[in-house]
Amino acid sequence: MEKSNGLRVVLFPLPIQGCINPMFQLAKILHSRGFSITVIHTRFNAPKASNHPLYTFLEIPDGLSEAEASTQDVTLLLTLLNRSCESPFRDCLTKLLRSSEEEKQRISCLIDDAGWIFTQPLAWSLNLPRLVTNTYKVSFFVGHFVIPELSRERYLPLQVTCSEQDEPAEEFPPLKKKDLLQILDGETEVLNSYSDMILQTTKASSGLIFVSSCEELDQESLSQARKDYQIPVFAIGPSHIYFPGSSSSLFTVDETCIQWLDKQEDNSVIYVSFGSVVNISETELLEIAWGLRNSDQPFLWVVRVGMVNGNKWVEAIPEELMERLKEKGKIVKWAPQQEVLKHRATGGFLTHNGWNSTVESVCEGVPMICVPSVWDQLLNARFVSDVWMVGLHLEGRIERNEIERVVRKLLLEPDGEVIRERMKLLAEKVGRSVKQNGSAYRSLERLVDHISSF
Ligand SMILES: Cc1cn([C@H]2C[C@H](O)[C@@H](COP(=O)(O)OP(=O)(O)O[C@H]3O[C@H](CO)[C@@H](O)[C@H](O)[C@H]3O)O2)c(=O)[nH]c1=O
Ligand SMILES: C[C@@H](CO)CCNc1ncnc2nc[nH]c12
């Protein structure tokens, strides 16, 4: 680690796993460049301070009730958090600025997620530069501001007949019409003003950091972002590569996964995980279970506690089936995902295509089977299956026969081999980006200069 440069940055992650990990990756990078780190965080989904002894942690109350904290509607959750965190965050930051003045350590800026919409006016009033992070694929961030308009223009299921479903959605390529419908189905009115505020406060910020993307994955959208927002835009990712082995998991990692993988053959295992927020129904659990079993390939499957609606864990799987599953596979509550994807035995990833999972899979050259559920996942899945052609798309069919078919196709058939070769090339391209003189690396250098210049 380099020695301190005398500057402190204040980080304020959005408290969902998919946003916490990238923020801590950024923290590690900046700390290695000599910045001191203060993390302000909500009580809800609080990061484990003991995993990061070198940073200062300040907790603020978030006013969420238990019911609110467990909602599946992420947009609703985020708007509630924005409402209740504004005043405690203001108090916390004001106090922090005052004490740093006394201690004569300069706070150079606030770095928080684009999803926090009250921080820009606050930073303004405190005369503190604010940089914004975003954890989507750049093309989703840039494109997704049309979504509220689409619902206003009554882009409703009724208008899309069956034959139209597979046509491209001109308003938001490379989505298909049915993808847009699925996105709109998952959102409510709350989105409209929230989304607009994200755009306005991002444009007013001192810079936008895409923590998990780079020119190689998002060139056009990055040019568009620079043109549309007229602020400095950085694409420094996939940033987990700089410091592998994430220590910001909210759940306890099941370390036995790796020993189990060690016993499997090269490229034979299908890894199955749907990230940290998506839930599934009992029927879907059973279809996946049968599909995996019938594929006769080894599998490592993450089922989070509470992930199956109305169930504690996997008790809905009948004992007899469970016995048969155990012959071939392993079910865990939380996996060391990056290590799993890196393992020589892992041959494919059945994923919901959260952007972090998608990028982690790309970096390790693991081809995917896409089962996107909501929001940006649908766009990520289209890039994987239709644009980069490094995966197969389930097209929403969570059915045992389909799952069996695609798993076998990816792991055992020549089609799968072609996909794997293409994925290898993409992995190499992205890998070069974060190495010295790669595009992400250079963007990171510019970011460090930018922060040091405040
Ligand atoms: C299930 C599981 C996950 N993980 C890690 C891998 C990823 O870094 C992270 C999950 O991030 P994602 O794959 O992006 O998924 P998720 O938690 O759903 O993320 C949310 O935030 C993402 C980024 O904004 C969005 O792209 C997703 O649509 C959204 O749902 O957690 C593990 O390390 N072990 C696990 O067992
Ligand atoms: C602006 C973004 C991140 O910079 C807020 C995160 N927002 C979200 N993150 C994940 N899933 C979502 N579903 C709806 N909104 C979501």
Side-chain angles (χ1 to χ4, degrees), residues 12-25 45 71-79 81-82 111-117 132-138 140-142 144-145 147 183-184 186-188 190-191 194-199 201-202 205 208-213 237-240 244-255 257 271-279 300-305 307 331-342 349-364 368 372-381:
F12 183 36
L14 216 53
I16 57 178
Q17 185 75 74
C19 297
I20 292 173
N21 289 355
M23 190 60 100
F24 275 86
Q25 282 149 14
N45 275 355
T71 173
Q72 276 291 292
D73 183 341
V74 178
T75 308
L76 178 67
L77 176 76
L78 298 181
T79 49
L81 281 167
N82 267 285
I111 305 182
D112 67 324
D113 199 291
W116 289 120
I117 52 176
V132 167
T133 57
N134 175 261
T135 51
Y136 300 151
K137 186 176 191 302
V138 181
F140 188 79
F141 186 79
V142 172
H144 88 288
F145 297 108
I147 293 173
I183 292 177
L184 289 169
E187 294 295 333
T188 55
V190 202
L191 179 72
Y194 182 48
S195 179
D196 190 48
M197 284 298 286
I198 290 178
L199 182 59
T201 52
T202 298
S205 76
L208 171 57
I209 310 167
F210 291 102
V211 195
S212 318
S213 212
S239 51
H240 72 278
S246 150
S247 48
S248 47
S249 269
L250 297 168
F251 304 89
T252 309
V253 177
D254 188 330
E255 299 290 353
C257 295
Y271 170 58
V272 186
S273 141
F274 303 131
S276 68
V277 284
V278 166
N279 280 11
L300 175 63
W301 183 9
V302 180
V303 182
R304 293 182 332 268
V305 170
M307 174 178 150
I331 304 180
V332 298
K333 294 176 178 153
W334 191 260
Q337 180 163 306
Q338 289 165 19
E339 287 161 64
V340 168
L341 289 169
K342 209 186 262 324
F349 184 7
L350 177 62
T351 172
H352 76 311
N353 288 111
W355 183 238
N356 295 290
S357 291
T358 305
V359 159
E360 287 162 18
S361 201
V362 166
C363 286
E364 302 310 333
M368 286 168 256
S373 166
V374 289
W375 201 231
D376 64 326
Q377 298 154 17
L378 287 114
L379 186 85
N380 303 337

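Order of appearance sets the numbers: ligands from 1, and atoms from 1 within every ligand.
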Q.
Check this for me - ligand 1, Gln377, N or O atoms closer than 3.5 angstrom, yes or no?
A. yes
min-distance protein heavy atom vs atom 24 (O) of ligand 1 -> Thr135 OG1, 2.8 Å
Non-hydrogen atom of Val277 closer than 4.0 Å to ligand 2: no
Contact with ligand 2 for Phe141, non-hydrogen, under 4.0 angstrom:
no
Checklist entry - Can Gln25 and Ser239 be counted as having a side-chain donor-acceptor contact under 3.5 angstrom? => result yes
For Leu14, the ligand 2 atoms with a heavy-atom partner under 4.0 Å come out as 5 (C), 6 (C)
Within 4.0 Å of some non-hydrogen atom of Thr133, the atoms of ligand 2 are 4 (O)
Checking heavy atoms under 4.0 Å, the part of Asn134 that sits near ligand 2 is both
Counting from 1 in the order shown, the ligand 1 atoms closer than 4.0 Å to a non-hydrogen atom of Ser276 are 16 (P), 17 (O), 18 (O)
Counting from 1 in the order shown, the ligand 2 atoms closer than 4.0 Å to a non-hydrogen atom of Ala114 are 4 (O)
Numbered in order shown, the ligand 2 atoms found under 4.0 Å of a heavy atom of Ile198 are 1 (C)
The protein heavy atom nearest to atom 14 (O) of ligand 1 is Asn356 ND2, 2.8 Å
So the atoms of ligand 2 within less than 4.0 Å of a heavy atom of Thr75 turn out to be 14 (C), 15 (N)
Item to complete: Begin from the C-alpha positions of Ile147 and Trp375 and carry the test side-chain contact (heavy atoms from CB on, under 4.5 Å) through to its verdict.
Response: CA-CA 10 Å; Ile147 293 173; Trp375 201 231; 3.9 Å; yes
Mind checking whether Tyr194 has an N or O less than 3.5 Å away from an N or O of ligand 2?
no
The answer for which part of Gln337 has a heavy atom under 4.0 Å from ligand 1 is both
query: Do Asn353 and ligand 1 have an N or O pair less than 3.5 Å apart?
result: no
re atom 4 (N) of ligand 1, the protein heavy-atom contact at minimum distance is Trp334 CZ2, 3.2 Å
Correct closest heavy-atom pair for Pro13 and Trp116 would be O-NE1, 3.3 Å
Of Trp116, Phe210, Tyr136, the residue with the heavy atom nearest atom 8 (C) of ligand 2 is Tyr136
Check your understanding: Between the main-chain N or O of Leu76 and the side-chain N or O of Tyr194, is there a donor-acceptor pair closer than 3.5 Å?
Key -> no
query: Should Tyr136 be counted as touching ligand 1, given the test is an N or O pair under 3.5 Å?
result: no
Looking only at protein heavy atoms, what sits closest to atom 13 (O) of ligand 1 is Ser357 OG, 2.5 Å
Rounding to 0.5 Å, atoms OG1 (Thr133) and CD1 (Ile209) come to a distance of 6.5 Å
So is Val374 close enough to ligand 2, meaning a heavy atom under 4.0 angstrom away?
no
Counting from 1 in the order shown, the ligand 1 atoms closer than 4.0 Å to a non-hydrogen atom of Gln17 are 31 (O)
for atom 26 (O) of ligand 1, nearest protein heavy atom and its distance come out as Asp376 OD2, 2.4 Å
side-chain contact (heavy atoms from CB on, under 4.5 Å) evaluation trace for His240 with Val359 | CA-CA 9 Å; His240 72 278; Val359 159; 4.1 Å; yes
Under 4.0 Å from one or more heavy atoms of Gly18, ligand 1 contributes atoms 11 (O), 17 (O), 19 (O), 21 (O), 23 (C)
Exam field: side chain Ser361 to backbone Ser357, donor-acceptor pair closer than 3.5 Å | no
Quick note on ligand 2: atoms under 4.0 Å from a heavy atom of Leu78 include exactly 5 (C), 6 (C), 7 (N), 8 (C)
Scanning both residues in full, the closest heavy-atom pair of Met368 with Asn353 reads SD-ND2, 3.7 Å
CD1 of Ile198 to CG of Asn134, rounded to nearest 0.5 Å, is 8.5 Å
Closest non-hydrogen atoms of Asn21 and Ser249, given as atom of the first, atom of the second and distance, are OD1-N, 4.4 Å
Restricting to heavy atoms, the pick from Glu360, His352, His240, Gln338 nearest atom 18 (O) of ligand 1 would be His352
A student checking ligand 2 against Ile16 at a 4.0 Å heavy-atom cut-off should list atoms 9 (N), 10 (C)
So the atoms of ligand 1 within less than 4.0 Å of a heavy atom of Ser273 turn out to be 1 (C)
Quick note on ligand 1: atoms under 4.0 Å from a heavy atom of Val302 include exactly 1 (C), 36 (O)
I'd like to know whether ligand 1 has Val277 as a neighbour, heavy-atom separation below 4.0 Å.
yes
Of all heavy-atom pairs linking Ala114 and Phe141, the shortest is CB-CE1, 4.1 Å
Closest to atom 33 (O) of ligand 1 (heavy atoms only, candidates Ser373, Gly275, Ala335, Ala114) is Ala335
Polar atom proximity, Asp376 to ligand 2 (N or O, under 3.5 Å)
no
One finds that the ligand 2 atoms under 4.0 Å from a non-hydrogen atom of Glu187 are 14 (C)
for atom 9 (C) of ligand 1, nearest protein heavy atom and its distance come out as Asn21 ND2, 3.7 Å
